[in-house]
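No experiment lies behind these values; they were computed from the predicted model shown. So you know, we letter chains A, B, ... as the sequences are listed, proteins then strands, and number each from 1.
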Amino acid sequence: MEIERHEYDVVVIGAGGAGLRAAIESRQQGKRTAIVCKSLFGKAHTVMAEGGAAAAMGNVNSSDNWMVHFRDTMRGGKFLNNWRMAELHAKEAPDRVWELEAWGALFDRTKDGKISQRNFGGHEYPRLAHVGDRTGLELIRTLQQRVVALQQEDEKLHGDAEAYIKVFQECTVTRLLKDGDAVSGAFGYWRENGRFVVFDAPAVVLATGGIGKSYVVTSNSWEYTGDGHALALLAGAKLINMEFIQFHPTGMVWPPSVRGILVTESVRGDGGVLRNSEGRRFMFDYIPDVFKDKYATTEEEGDRWYTDQANNRRPPELLPRDEVARAINAEVKAGRGSPQGGVYLDVSTRLPAAEIIKRLPSMHHQFKELADVDITQEPMQVGPTCHYIMGGVEVDADTGQACVPGLFAAGEVSGGMHGSNRLGGNSLSDLLVFGRRAGAGAAAYLDGLPSRPRSSEEAVAAAEAEALAPLRRAGENPYSVHHELQRTMNELVGIIRRSGEITEALEAVEKLKERAQGVGATGGRIYNPGWHLSLDLRNMLLVSECVAKAALLREESRGGHTRDDFPGMSAEWRRRILRCSLSGDASGVTVEEKAQPPMRDDLITLFDRAELAKYITEEELADFDALVKE
Amino acid sequence: MSYKAKFRVWRGEGGEGRLEDFTVEVNEGEVVLDIIHRLQATQAPDLAVRWNCKAGKCGSCSMEINGRPRLGCMTRMSTFTEDETITVTPMRTFPVIKDLVTDVSFNYEKARQIPSFTPPAGVNPGEYRMEQIDVERSQEFRKCIECFMCNNVCHVIRDHEENKPGFAGPRFLMRIAELDMHPYDVADRKDAAQDEHGLGYCNITKCCTEVCPEHIKITDNALIPMKERVVDRRYDPLVWLGNKIFKRSTAKS
């Protein structure tokens, strides 16, 4: 069968917030751009984001600015963040949000007609631009409609709507192609008919999102099979911070079929509280030392904060997500959980019913339809769910470029921005800021390129053979391999980790890798989910190996990585980044340590000495003292 | 708690197909999409179904369950009796690709025919000022998750392929209303709504509203007001008189 071929300047893989923003930028800079996505256009996982996009616009509290946002982000990530990314993010997020408004987005408003901003965990001021609790949908729809607007422009100018930007929907990329060291395109298949397609392009932007489908309990959709992470690794790029996975503290726990589905943090931001089976607001018992002076110690103070933030500290329900998730985990383990194995999240006694329906419409809808629970009348039962991976492709902060020339990454698939733990609301803004930067980075890379690279026919043939393999053998059912991987990762490399269990997980992953080589897909090539899953397994297994190997090496607890056998946070480990690459024989993953570059002088001096002392080594502290003296 | 349910699922591709019978386990709290997934994992690995978020937020798993357009992920099995046979078929208005997956490209073509948001010149990003009450009307329509079930159920195109070229369907007529009610949109959309996108075909049977999983009042809040705006423009007696007297062409401002 002949392989379909397309030539583009930039190929963006993934059509969530980051991918669309990257594609828009690349097209606006005059580059012919393809958007390749596994789902229909407009269905990406970004639609699931509920709370909002964090941007220090200062619309609700004028004390907010990029420096406060930067500090919150670094604190939330326990100072492991790539500080340049955190800086760019905090500085550019407001412009990215305002730009959406000029493209037709309709955010909720303040009384004086500006974009309203809501409170969220770890953010000092109300900072999240939002639309009720469906902000992700607004973001994806606005970007989707911006793409359509550009196509309408091209139709007028060139007579062809798809002349400069085209969406290849329900198309899965299985390999990146290279010419020597540099990227030269991508190989994939149409889900609809199983036919193969090659994109010839000097620049590829990965915007494929996360890896949650390697876990049983997850808020992530089926698309989150770590494709971009694996494609990057296979193409020679490095992944960093893969041990850090965010377990969102509040996922639904019942009924079993919806276990893991997200319950937005806005419930807590808007006044919801967490209680155990004894009715106690247990978060007051879990304020860690590093946050002691920033959170209320009594319920009265915490409650006053909602109306008077200047004179009160925030309630501990709004601690960063890693802290809340661990606390819930501990309460359940101690036997103080709810009947279905979670804890209670109650907003019914905190806000009038009408207000709940207005502020949290989709939560009200979700619980009513899926769990028969009316959240205006009774508490929800919630527990931690695998939500987000902080780790991803190591990129240059300013351009999004990986160490492979022509390869770029933005959004969840890239690593560094969020350090060891992402703050809620920082994901939507991350997508916009770094999506745009990756698109611009790809455009600039093209401008500096003397000639177009070419993909070798051998590489295309190898990719084709790899993709066809599961159809050509009668092997094991891919669903059973997938289920076992999910169980393994959930149980052995989950929210709390131990050396013995991680080792066990690695052994299991090795065995599953062998079994994945033998899975077979029955049926033909037309829209065949069994075949698609067989191909996704390679990616999920590679990514799981990265997570487990890095988790085993990092002998401390920080953010989204909690080691039962190393419960403390270590200042020494803060200076070290774990970096995964494909092993020499391509059979697995190797992990090496890399030094974290020290923060720029003008950024580190934004922090108090007392706060820094909780995170950094004596040696670094001495440098800081010398710097301040100057 | 768990029981064996009888399912009849439409299987086929390339214009051919038939209903296939299955007996499949159902557990407490499950939805129809869970059962389809169980069929994939245990009996029919190549059974095609579109899905994504499984939380009613992405609008991918639209199907017809016992003849009614529904999201598979939001249809709880507890709404059926245990001895009931549950029939699952693809959306009827769009061509079937395979099994429960249909070719919904009609919707993407229509989306591209509606002129985009058109802000006035000279308003820079960050300068927009809108009252909550003014954005709420369009916000309701922006809750749309594009499951396309309103377009699927609409009788104007459900069994009338010939109407498709001139009719955008409730989804995109609502999009026109959304833009027309956007406080900053300056484009004139009324004539096009009627002449190019077939607003006049809608005879307000409200089927679209009835199947909307987001409970958007498509007919009452988008289509009827849009019809009124068109009528205001076209059949205003003063405008009519003015046109007669001064021989102006019908308003195309």
Side-chain angles (χ1 to χ4, degrees), chain A residues 39-45 47-48 94-95 98-99 101-104 106-109 112-114 116 131-132 134 136-138 141 145-146 148-149 151-152 161 192 221-223 254-258 261-262 362 365-366 369-371 477-479 483 521-524 526-531, chain B residues 13-14 27-31 34 40-42 44-60 74 76 78 97-99 101 103-104 108 111-112 114-117 119 123-132 134-135 138-139 142-146 179 182 184-185 214-215:
Chain A
S39 283
L40 293 175
F41 187 30
K43 305 293 184 202
H45 196 59
V47 302
M48 307 271 298
D95 283 336
W98 284 322
E99 165 183 87
E101 205 166 44
W103 295 343
L106 286 171
F107 292 102
D108 287 347
R109 317 307 297 181
D112 54 353
K114 296 179 183 169
S116 174
V131 188
R134 56 157 191 89
L137 175 66
E138 185 69 14
R141 202 63 84 228
Q145 288 164 350
R146 175 66 184 164
V148 169
Q151 290 181 326
Q152 291 172 344
E192 182 180 319
S221 71
W222 70 268
E223 295 192 288
W254 194 92
S257 73
V258 299
I261 291 181
L262 192 64
S362 70
H365 181 76
Q366 178 175 317
E369 306 252 333
L370 293 175
N477 181 341
Y479 294 94
H483 288 164
T522 56
I526 297 178
Y527 221 109
N528 184 344
W531 177 39
Chain B
E13 60 193 50
N27 302 309
E28 193 185 0
E30 287 184 330
V31 293
D34 287 314
Q40 278 184 339
T42 58
D46 63 336
L47 169 60
V49 61
R50 235 185 225 124
W51 70 288
N52 211 322
C53 75
K54 208 176 168 290
K57 290 182 167 51
C58 75
S60 300
M74 297 300 277
R76 301 186 68 188
S78 58
I97 293 172
K98 184 184 168 197
D99 305 337
V101 176
D103 176 358
V104 291
Y108 290 94
R112 207 187 275 164
I114 314 284
S116 297
F117 171 60
V123 185
N124 295 314
E127 293 175 358
Y128 286 66
R129 295 290 178 273
M130 298 178 259
E131 294 299 316
Q132 182 62 34
D134 294 327
V135 300
S138 295
Q139 276 186 335
R142 290 182 73 81
K143 274 167 39 186
C144 171
I145 57 174
E146 299 206 325
L179 289 165
H182 189 300
Y184 272 87
D185 188 77
E214 285 295 304
H215 307 300

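By the salt bridge (Lys or Arg N to Asp or Glu O under 4.0 Å) test, B:R50 is found to be paired with A:E170, residues two or more places apart in sequence or in another chain being considered. Applying the salt bridge (Lys or Arg N to Asp or Glu O under 4.0 Å) criterion to A:E101, with sequence neighbours excluded, gives A:R109.
Of the two parts of A:F41, the backbone and the side chain both hold a non-hydrogen atom closer than 4.5 Å to a non-hydrogen atom of chain B. The contact between A:L40 and chain B is made by backbone and side chain atoms together, counting heavy-atom distances below 4.5 Å. When heavy atoms are compared at a cutoff of 4.5 Å, B:K98 approaches chain A solely by way of its side chain, counted from C-beta outward. If you measure heavy-atom distances from B:A111 to chain A, the contacts under 4.5 Å come from the backbone alone. Looking at A:Q151, the atoms closer than 4.5 Å to chain B (heavy atoms on both sides) all sit in the side chain, from C-beta outward. Heavy-atom distances place the side chain of B:V101, and not its backbone, under 4.5 Å from chain A. Of the two parts of B:L47, only the backbone, made up of N, CA, C and O, holds a non-hydrogen atom closer than 4.5 Å to a non-hydrogen atom of chain A. In this structure, chain B has heavy atoms under 4.5 Å from both the backbone and the side chain of A:L370. B:E13 touches chain A through its side chain: at least one heavy atom from C-beta onward sits under 4.5 Å away, while N, CA, C and O do not. Only the side chain of A:N477 comes within contact range of chain B, with heavy atoms under 4.5 Å apart. With a 4.5 Å cut-off on non-hydrogen atoms, B:D34 touches chain A through its side chain but not through its backbone. Heavy-atom distances place the backbone of A:W103, and not its side chain, under 4.5 Å from chain B. Of the atoms belonging to B:Y108, it is side-chain heavy atoms, and not backbone ones, that fall under 4.5 Å from chain A. Looking at A:A371, the atoms closer than 4.5 Å to chain B (heavy atoms on both sides) all sit in the backbone: N, CA, C or O. Only the side chain of B:R76 comes within contact range of chain A, with at least one heavy atom under 4.5 Å from a heavy atom of that chain. For B:V123, no part sits under 4.5 Å from any heavy atom of chain A, backbone or side chain. For a residue to count as touching a neighbouring chain, one of its non-hydrogen atoms must lie under 4.5 Å from one of that chain's; by this rule A:Q152 touches chain B with the side chain only.
Options B:E127, B:R112, B:E30 differ in how many heavy-atom pairs under 4.5 Å they form with chain A, and the most are formed by B:R112. Per-residue counts of heavy-atom pairs under 4.5 Å with chain B were compared for A:Q366, A:K114, A:H45; the largest is that of A:K114. Of the listed residues B:K57, B:H182, B:R142, the one with more heavy-atom pairs under 4.5 angstrom with chain A than any other is B:R142. Contact count versus chain B (heavy atoms, under 4.5 Å) is highest, among A:V258, A:V148, A:D112, for A:V148. Contact count versus chain B (heavy atoms, under 4.5 Å) is highest, among A:A102, A:G530, A:G523, for A:A102. The choice from B:C144, B:P119, B:S78 that makes the most heavy-atom pairs within less than 4.5 Å of chain A is B:C144.
One finds a salt bridge joining A:R141 and B:E146 here, because a Lys/Arg side-chain nitrogen approaches an Asp/Glu carboxylate oxygen to under 4.0 Å.
The minimum heavy-atom distance linking B:P45 with A:P529 is given by the pair O-CG, 3.7 Å. Nearest approach of B:E28 to A:P255, heavy atoms of both residues: O-CB, 4.3 Å. Of all non-hydrogen atoms in A:I526 and A:E192, the two that sit nearest each other are CG2-O, 3.3 Å. Here the shortest heavy-atom pairing between B:K143 and A:L137 reads O-CD2, 3.5 Å.
The backbone N or O of A:L106 sits less than 3.5 Å from a side-chain atom of A:E138, completing a donor-acceptor pair. Side-chain atoms of B:N52 never come within 3.5 Å of backbone atoms of B:C58 as a donor-acceptor pair (strictly under, hydrogens ignored). In this structure, A:K43 contributes its side chain and B:I145 its backbone to a donor-acceptor pair below 3.5 Å. In terms of modelled atom types and a separation under 3.5 Å, the side chain of A:S257 and the main chain of B:G29 share a donor-acceptor contact. Side-chain N or O atoms of A:Y527 include none that pairs as donor or acceptor with a backbone N or O of B:D46 at under 3.5 Å.
Using cut-offs of 30° and 60° for the angle between ring planes, the A:Y479 and A:H483 rings count as tilted. A:H365 and B:H215 have perpendicular rings, their planes meeting at more than 60° on a 0 to 90° scale where under 30° would count as parallel.
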